[in-house]
Amino acid sequence: MINILYFNKYCGVFITFSVYLMHHQEGKMKENYISLFERTVSLYKDDIALQFQNQSITYYDLNHKADILASYLVSECDIKNGEIVGVALERGIDLVISYLALFKIGAAFLPIDLTWPKDRSDYIIFNSKIKSIICKNYEKDFKNIIILDDKIFSNEKKEYKCDSNPDDIAYVIYTSGTTGNPKGVIIEQKGMLNHIMAKIEDFNIDKNSIVAQNSSHCFDISVWQLLTALLVGGKVVIYPRKIIMNVKKFINCLVDDKITVLEVVPSYLNILIDTITEDEIVTSKLKYVISTGEPLKYHTVDRFFSKIKNITLANAYGPTEASDDITHAFFNSTPSCNSITVGKPIRNAEIRIYKHNNELCDVNEEGEIWVSGICVGKGYLFDEKKNNERFLIDSVTGDRIYKTGDVGYFDENGFLFVNGRIDNQIKLSGHRIELEDIENNISRLEYIKDNVVVITENNNLVCFYVSSDDFQEDIQFIKNELKKYIPSYMIPHQFKKVFDLKVTDNGKINRSFYQNLVINENSNDANIIEILEEKMNLQISEEIKTRPIEELGIDSLKYIEMLVELEEAFLIEFDENDINIENQITIEKLIQMISKKL
């Protein structure tokens with residue numbers, strides 16, 4: 001820990017601000033992934049390196065096939081050092097062989113998902129300017145397709161001499177962009193390797209470790225899952241999506257395969273906690289379960305340790321732009337603090353918190369999280385404007401700095417807490433608040449298993465939540481309970497119970513889906529109200545919405561005329577119960593009736 005003493009003009013006193021820098025190594029990193037991997041091969045050549053369903057491969061055969069493919073790519077396909085090559089393979093042993101072959105050449109991989117919509121894959125291929133794609137049977141139009149088949153591996157080649165260094169690009173992974181188009185993040189060998197070494201150190205990964213590979217290969221967390229154990233003689237077990245989606249079957253596989261390290265997103269972790277049995281916990285060889293990708297909530301941690309006692313739960317945080325995780329936190333029991341820390345920085349990562357005016361924040365003061373060090377990537381591929389916005393150069397060290405856009409703070413013990421995104425900040429009643437802050441407090445209610453909060457165009461908060469089976473829906477009860485934790489302006493106006501929350505392809509809660517849902521609902525509500533105001537010749541306020549329409553001068557005939565016009569406007573059909581005005585119909589009930597039929 002390095003303490004920086006500076007004068008705080010607001011407090012008028014000198015304050016020690018702590019910048020946490022772990023295991024900094026002076027000078028350049030001299031190793032590359034292949035040099036370390038080949039050293040491991042010499043020690044564990046006959047041990048199983050990878051397992052995929054009923055297939056497996058030893059360290060020797062894995063390296064040998066990578067050598068053959070590297071020679072083929074250079075001699076027959078003209079792949080050069082520094083080139084970015086598309087890899088359109090399903091997760092499996094061939095995928096890892098391709099990555100290793102490209103590393104030996106000093107080239108980089110760009111993963112392409114075969115299930116992507118055509119528009120997305122076409123954009124990424126066009127934007128990245130890749131010249132070659134390694135595949136098995138790629139059906140899209142592309143000039144230089146490298147078909148990975150048995151003929152390539154029938155060629156007996158000598159050991160390929162590695163032509164790689166730590167400054168080479170290791171991979172390019174495309175992440176979602178605010179413009180609607182994905183952005184290609186460039187990560188170097190040294191950043192990738194630094195993160196892998198942090199995983200080895202912090203999770204005690206060694207030759208006895210068996211790591212589950214369950215993430216899509218088009219997401220950054222797949223990189224360490226695939227490659228870390230291969231540097232220490234451990235084993236990687238790759239699971240196909242059909243097994244991962246069957247949680248019970250996946251748990252059986254984790255037990256049978258003696259998995260020791262598993263990483264999942266919190267929404268999947270919740271399902272895992274619900275599904276796993278006491279016997280499976282006892283017979284499991286799991287030592288670490290890592291949560292990543294989205295905020296880990298207190299209720300999830302509490303539920304984990306109420307059922308699972310002998311496994312360490314870790315919370316990892318980091319952006320793709322900084323080679324994946326930049327912090328690790330470890331828990332062996334439910335913490336006393338209701339906020340869940342993401343821990344302290346990994347080796348060679350420096351994290352600082354800055355205010356809007358680019359001044360360092362005090363301890364416990366929120367600001368934007370900036371990260372610097374060899375973990376920070378080269379930026380976005382062919383996007384100078386975005387690079388200038390998000391990446392800086394440290395004038396003292398010369399290191400790159402990445403402005404994450406995440407909001408957080410360091411506590412007095414040096415633990416980092418992340419409280420959402422700058423772009424998820426909203427202003428309500430003059431107060432600036434984080435949607436994740438509201439969600440974390442809702443998760444403190446023991447019967448709430450998961451939730452997401454979005455805001456309507458009228459600045460009303462809406463919470464979609466998943467509850468325990470025995471909870472009887474009582475919205476006023478929820479609101480009263482929340483008053484113990486948050487001020488009234490942070491309590492959502494509406495609570496909508498759902499069976500489960502929709503997630504994105506990488507398992508994160510699909511916030512955009514729910515945001516669009518309330519926007520569409522509000523649009524429908526506005527159209528309904530517009531028709532009603534015209535028919536009733538009055539302005540509909542929140543108070544008027546709750547009064548029976550008979551009190552507003554609407555008789556049966558006029559009511560039926562309104563329903564006919566609404567049927568035509570929304571292409572719906574009312575039934576007999578809807579038509580009966582004696583059922584104490586209010587404007588609010590009418591809007592709900594229409595919404596259910598849409």
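Quantities reported herein were computed from a predicted structural model and do not represent experimental measurements.
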Side chains of Asn364 and Glu412, donor plus acceptor under 3.5 Å: yes
Which heavy-atom pair separates Ile353 from Glu366 by the least distance, and what is that distance? CG2-C, 4.2 Å
Using side-chain heavy atoms (C-beta onward) and a distance below 4.5 Å, is Thr228 in contact with Val261? no
Quick one: do Glu368 and Arg390 make a salt bridge, cutoff under 4.0 Å? yes
Value rounded to 0.5 Å, distance of NZ in Lys190 from CG in Asp168: 10.5 Å
For the atom pair CG (Leu227) and CZ (Phe37), what is the distance rounded to the nearest 0.5 Å? 9.5 Å
Taking the six-membered ring for Trp, are Tyr317 and Phe417 ring centroids under 6.0 Å apart? no
Do Tyr268 and Asn214 get their side chains close enough for a donor-acceptor pair, meaning under 3.5 Å? no
Distance from Tyr409 atom OH to Ser339 atom OG, nearest 0.5 Å? 4.5 Å
Can we say Glu436 and Arg511 salt-bridge, meaning some charged N sits less than 4.0 Å from an Asp/Glu carboxylate O? yes
Can a donor-acceptor pair be found, under 3.5 Å and without considering hydrogens, that links the side chain of Asn441 to the backbone of Ile486? no
Which is it for Phe109 and His217 under the side-chain contact (heavy atoms from CB on, under 4.5 Å) test, yes or no, and what are the steps along the way? CA-CA 11 Å; Phe109 68 82; His217 59 295; over 6 Å; no
What's the shortest heavy-atom distance between Val185 and Thr320, and which atoms? CG1-O, 3.7 Å
Looking at Gln213 and Gln225, would you say the former's side chain and the latter's main chain have a donor-acceptor pair under 3.5 Å? no
Just by distance, with hydrogens left out, do Asn332 and Thr312 show a side-chain donor and acceptor under 3.5 Å apart? yes
Check Asp325 with Lys199, please: is the shortest side-chain N to carboxylate O separation under 4.0 Å? yes
Any donor-acceptor N/O pair, Ser323 side chain to Cys375 backbone, under 3.5 Å: yes
If only atom types and distance count, is the side chain of Arg444 paired as donor or acceptor with the main-chain N or O of Tyr298 below 3.5 Å? no
In Å, rounded to the nearest 0.5 Å, how long is the span from CG of Asn413 to CG of Asp411? 5.0 Å
Within this structure, what is the OG1-NE2 distance for the pair Thr334 and His299, rounded to the nearest 0.5 Å? 11.0 Å
Can you check whether Phe477 and Tyr447 have ring centres sitting under 6.0 Å from each other? yes
If only side-chain N and O atoms count, and only distance matters, is there a donor-acceptor pair under 3.5 Å linking Asn204 with Tyr288? yes
Could you check whether Asp274 and Asn270, counting side-chain N and O atoms only, form a donor-acceptor pair closer than 3.5 Å? no
CD1 on Ile442 to SG on Cys463, rounded to 0.5 Å: 4.0 Å
Distance under 6.0 Å and angle within 45° of ring axis: Lys344 vs Phe415: yes
When the ring planes of Phe330 and His328 are compared, do they come out parallel, tilted or perpendicular, using 30° and 60° as the limits? perpendicular
Does the side chain of Thr341 come under 3.5 Å of the side chain of Asn315 through a donor N or O and an acceptor N or O? no
Donor-acceptor pair, Glu321 side chain versus Gly377 backbone, under 3.5 Å? no
Do the numbers put Lys386 on top of the ring of Tyr380, so that NZ or CZ is under 6.0 Å from the six-membered ring centre and no more than 45° off the axis? no
